[in-house]
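Working notes for the structure below.
Read the numbers this way: they start at 1 and go in the same order the structure lists the ligands and their atoms.
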Amino acid sequence: MTIDAVHLTKQYRDVRAVDDVTLCVAPGEVHALLGLNGAGKTTTIRMLLGLLRPTRGEVSLFGERVGPGRNPVWARVGYLVETPSAYPELTVTENLQVMARLRGLRDENAVIDVIARLGLQPHAHHRAQTLSLGNKQRLALAKALLHRPELLILDEPANGLDPAGVAEIRNLLHDLAHDGVTILLSSHILTEVARLATRIGVLDHGRLVWEGATTDLVTQARPRLRVTVHDPGRATAALRAAGHAVSAEDGGLALTGDRAIHHPEEVATQLVNAGCPPTRLALEQDDLETCFLRLVSRS
Ligand code: ATP
């Protein structure tokens, strides 16, 4: 495994920021950590990188334990955590040259290449302090990518970018993933990562409340026929007798079978015949965001 974190827990005085999170990321995977503000994404990422000591649990990157004073995998990892920092008085190129020196990079083209890759050419000779928030974020990503890492760990990489910038970063990460780079990124916007991530972990109040393939999460956003009746118990029995899968949802009933979805009129007739006519019957489909919020509120 490229990332192997077991039972990660971080307890601050009276806040359990991360609660028993176990996370595995396989080589070449793009894994997203999703959660609302305060869910524990940044804390998890800081522990993965060895920037914060877990209260409990441990992390291995490329099979090597991460811990204070141990940075054997430094050269293989690129990361971006929280507010990007740069030397404000130095230009974009100079900032990257400093980073290249710190990393001991010999490749003279590395800086030029990464500037081109991040679309920073027009700003190459601008001081970092004059950059827009979006371009500061690009510079931070450039620093993370400079040494062509095998693993990228990015905390909210789309922060501060406009929609075009978000799409640009998505394409960039797509290309990197295509080239075999393993990526772990955090976000609070599901639709932003659904097109990129192969797997998604949903964090809520420090706990990993759902983990699985992105396609499985998308399937959860499938359409359902929502029915409201005066006597849900009787209606459920009648619909089940007619062969429908029925569940109670938000004060009404939900049917997810293909037959019900394609023939709501049959369901209406069955309910009328059972003596519980629907007071409301509607075909609904969650968007991914609603689906994510439902997952979080269920926990
Ligand atoms: P955001 O998207 O807002 O950055 P997040 O999902 O990254 O949120 P974290 O920053 O990891 O969440 O915070 C998780 C919880 O831990 C929050 O309740 C936060 O207030 C708390 N927390 C984080 N750092 C500390 C700290 N140093 N001391 C006390 N509590 C902390």
Using distance only, find each side-chain donor-acceptor pair of residues 158-168 under 3.5 Å and give its atom names and separation, not counting sequence neighbours.
from	atom 1	to	atom 2	distance (Å)
D162	OD1	A164	N	3.4
D162	OD1	G165	N	2.7
E168	OE1	R138	NE	3.1
E168	OE1	R138	NH2	2.9
E168	OE2	R138	NH2	3.4

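- Not one N or O on the side chain of D155 forms a donor-acceptor pair closer than 3.5 Å with the backbone of S186.
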When the side chains of residues 54-61 are checked against the rest of the protein, which donor-acceptor pairs come out under 3.5 Å, sequence neighbours left out?
from	atom 1	to	atom 2	distance (Å)
T55	OG1	Q11	N	2.8
R56	NH2	D20	OD1	3.4
E58	OE1	R65	NH1	3.4

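- A donor-acceptor pair is defined here as one N or O able to donate and one able to accept, closer than 3.5 Å; such a pair exists between the side chain of Q137 and the backbone of P157.
- L96 places a side-chain heavy atom less than 4.5 Å from the side chain of L139.
- In this view, E211 and R199 satisfy the salt bridge (charged side-chain N to carboxylate O under 4.0 Å, His left out) rule, not counting sequence neighbours.
- Around ligand 1 you find Y12, V15, A17, L36, N37, G38, A39, G40, K41, T42, T43, E156, each with a heavy-atom distance below 4.0 Å.
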